[in-house]
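The block underneath contains the structure these notes are about, expressed in structure tokens.
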Amino acid sequence: MGQCSACGHEAAAGGELQVEQECKSPRFFLEAGSADVGPALSPGFKGVDSPTGASTAATIPGSPGEATLSETSGAHLSTALSAAGDADAELDGSPEGGCGEAALRDDEVRALFAQLRVVEAAALLEQQQGSAEGGDGGGDPGLRDDLHLHLEQLSEALDVLAGHPSMSALAEGAATPAMPERLLGVPLAGTVRDARAREAQAPKAKRDVLEVKIDLDGNGLLVDAFIEFFPDGSVASEWVATDLPIPLSYMVCLANEIDLLPEIAPFMVKAEVVKQFDTNEADRIVRIVSKPPIPFVAGFEQTSTSLSFDLFDTPWRGICLVQNNPKWEAASKDQRPQWRGCPQPNPFQAGLREIDVKRVVALARPSGERGELTTIVFSAKGDLKLPRSMIPNWLISWLAQQIGKFLYQRTLARISKFDETEHGERLRNHSTSFYSDLHRRIAEFVQRERQEERNT
């Protein structure tokens, strides 16, 4: 028999806690792409397809008796938000729900969280626990804390994206449900317009901005980049690359398998995961050591937090990557600084300049008729700890163009034989469902976008 981990109550004979929520579940998209969409998204992908609209049983690991969830693909954010209030799951053999129901609902939230669907996960948790700090509906307080941390990072990232010079042109698309204005007490910019209204209130100052146009392939595939220097010594870079001939699933794999980055960018001498958190695959602390061709500079080292968000069912319509500088804190002078229980790593090598990563935000969206292309909006700000006089405009422009073209060509070469590379092996045979879930989400998004276009 299955047993509740909180109170020890045993489930009905058969040992499973059953949940049936056809067409209402906010938990998963388990729908693979149709035959004309899926292959284009990820050539050679060996994910398991399921017919459109089919009901699929999914197991929540670690729940009492391996709780089985019967899912129907096709739920969107609005469905998730309305269904969350309706989420009184039927627990076979559990008297009046009780702690078994709270535990199972936490598993639903964790399942969404594991798929990077933080907005839906937070909405579901808020419905069951309330929006006040600490909640009032029981459940795991650590889960709420983790979601709150992610939402704070997402809130800042959306404000950054809204201020991007190319974001307005990318704001139009298929109709999507509005995002809640607040979740777990954190304000969220549901649209570009919402975030820009906030930005308009910020004080303006004289700006030191350099515009660089990078022709990636020599045939007009342009990256429009803006590099800005600030009086405090920090530097910001913003660019957009439209319709890159690389499927989003490959793009995510290239970014996620961080230890393989030096195979694409040789000037990165080390890329590693310092700490992997258990909320989802993308929640981690990473370190990158690079030695670009800058005169009189031995190299750079940066350690940053890294989070990702599935925003396909929101007006932002893509995958959002967010990186920031960890807030290292020591409980006492004798202790090593930590962040979320992870000790601050020792310097990789003496003489390297440590980059203070104030923020990195990237929004990647499938484009093209079949989702075979990817559009990326990128924004970063950090402190290189170099005087402005050491990096004149001509050097910045030259470096941006050379590095941009070099990375693009190396990436294309990698993609051309992707199935033969270690990246392809990890994409096909990952130890979790991270990539298969991502593939299905991309396919569903592309289908929805194409359907919306046919309807207009």
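Because the structure is predicted, anything quoted here is derived from the model rather than measured.
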Side chain of Gln409, backbone of Leu216: donor and acceptor closer than 3.5 Å?
yes
Please check: side-chain N/O of Asp310 versus main-chain N/O of Leu116, any donor-acceptor pairing under 3.5 Å?
no
Residues at least two apart in sequence or cross-chain that pass side chain to side chain contact (heavy atoms under 4.5 Å, CB included) with Pro231, listed by chain then number, are none
Original post:
Parallel, tilted or perpendicular for His430 and Tyr435, by the 30°/60° rule?
Top reply: perpendicular
Residues 387-398 vs salt bridge (Lys or Arg N to Asp or Glu O under 4.0 Å), sequence neighbours excluded, gives Asp208-Arg388
N/O donor to acceptor pairs below 3.5 angstrom from side-chain atoms of residues 335-345, sequence neighbours left out:
unit_1 : atom_1 : unit_2 : atom_2 : d
Arg336 : NE     : Gln344 : O      : 2.8
Arg336 : NH2    : Gln344 : O      : 2.7
Arg336 : NH2    : Asn346 : OD1    : 3.3
Arg340 : NH1    : Asp283 : OD1    : 2.9
Arg340 : NH1    : Asp283 : OD2    : 3.4
Arg340 : NH2    : Asp283 : OD2    : 2.9

Lys291 and Ala298 have their tightest heavy-atom pair at CG-O, 3.4 Å
- Heavy-atom donor-acceptor pair, Thr305 side chain to Asn324 backbone, under 3.5 Å: yes
Quick note, ring pair (Phe, Tyr, Trp, His ring centres under 6.0 Å) partners involving residues 352-398, not counting sequence neighbours, are Trp239-Phe378
query: Is a side-chain donor or acceptor of Arg117 paired with a backbone partner of Glu120 at a separation under 3.5 angstrom?
result: no
- Task: Using only heavy-atom distances, determine whether the side chains of Arg105 and Gln128 contain a donor-acceptor pair under 3.5 Å.
- Result: no
So salt bridge (Lys or Arg N to Asp or Glu O under 4.0 Å) across residues 255-267, not counting sequence neighbours, yields Glu257-Arg426, Asp259-Arg426, Glu263-Arg414
Do Pro187 and Glu181 make a side-chain contact, defined as non-hydrogen atoms from C-beta onward lying under 4.5 Å apart? no
salt_bridge(Glu444, Arg448) N-O dist < 4.0 Å = yes
In short, ring pair (Phe, Tyr, Trp, His ring centres under 6.0 Å) pairs touching residues 259-293 with sequence neighbours left out are none
*asked:* Would His423 and Ile264 count as a side chain to side chain contact (heavy atoms under 4.5 Å, CB included) here? Give the steps.
replied: CA-CA 11 Å; His423 280 103; Ile264 299 174; 4.2 Å; yes
Residues at least two apart in sequence or cross-chain that pass side-chain hydrogen bond (donor to acceptor under 3.5 Å, both in side chains) with Arg287, listed by chain then number, are Glu272, Glu301
Closer than 3.5 angstrom, by distance alone: can the side chain of His150 be matched with the main-chain N or O of Asp146 as a donor-acceptor pair? yes
- Under 3.5 Å, is there a donor-acceptor pair linking the side chains of Arg359 and Ser379? yes
### Message
I'd like to check Leu307 versus Asn280 (side-chain heavy atoms, cut-off strictly below 4.5 Å). Are they in contact?
### Response
no
(Q) If you apply the rule side chain to side chain contact (heavy atoms under 4.5 Å, CB included), what do you find for Val118 with Leu151, and how did you get there? (A) CA-CA 7 Å; Val118 174; Leu151 287 172; 3.9 Å; yes
Residue pairs meeting salt bridge (Lys or Arg N to Asp or Glu O under 4.0 Å), one or both in residues 228-243, sequence neighbours left out, come to Arg207-Glu228
In terms of heavy-atom contacts, Val361 and Cys320 come closest through CG1-SG, 4.1 Å
Is Asp215 paired with Lys405 through a side-chain N to carboxylate O contact shorter than 4.0 Å? no
task = For side chain to side chain contact (heavy atoms under 4.5 Å, CB included), just list the numbers for Glu281 and Asn256, CA-CA rounded to whole Å, side-chain angles, deciding distance to a tenth of an Å, and then say yes or no.
result = CA-CA 8 Å; Glu281 174 98 6; Asn256 187 58; 3.2 Å; yes
Taking the basic N atoms (NZ, or NE/NH1/NH2) and the acidic carboxylate oxygens, is any pair closer than 4.0 Å for Glu453 and Arg450?
yes
Glu152 meets the side chain to side chain contact (heavy atoms under 4.5 Å, CB included) criterion, sequence neighbours left out, with His148, Val186
Under 3.5 Å, sequence neighbours excluded: what are the donor-acceptor pairs made by side chains of residues 218-227?
unit_1 : atom_1 : unit_2 : atom_2 : d
Asp224 : OD1    : Lys213 : NZ     : 2.7

With sequence neighbours left out, the residues meeting side chain to side chain contact (heavy atoms under 4.5 Å, CB included) with Gln451 are Arg454, Asn455
When every non-hydrogen atom of Asp383 is compared with those of Gly233, the smallest separation belongs to OD1-O, 3.4 Å
Next item on the list: Go through the steps to decide whether Phe229 and Ser234 satisfy the test side chain to side chain contact (heavy atoms under 4.5 Å, CB included), and finish with yes or no.
Entry: CA-CA 6 Å; Phe229 296 85; Ser234 58; over 6 Å; no
Hits for side-chain hydrogen bond (donor to acceptor under 3.5 Å, both in side chains) against Gln302, two or more places apart or cross-chain, chain-then-number order -> none
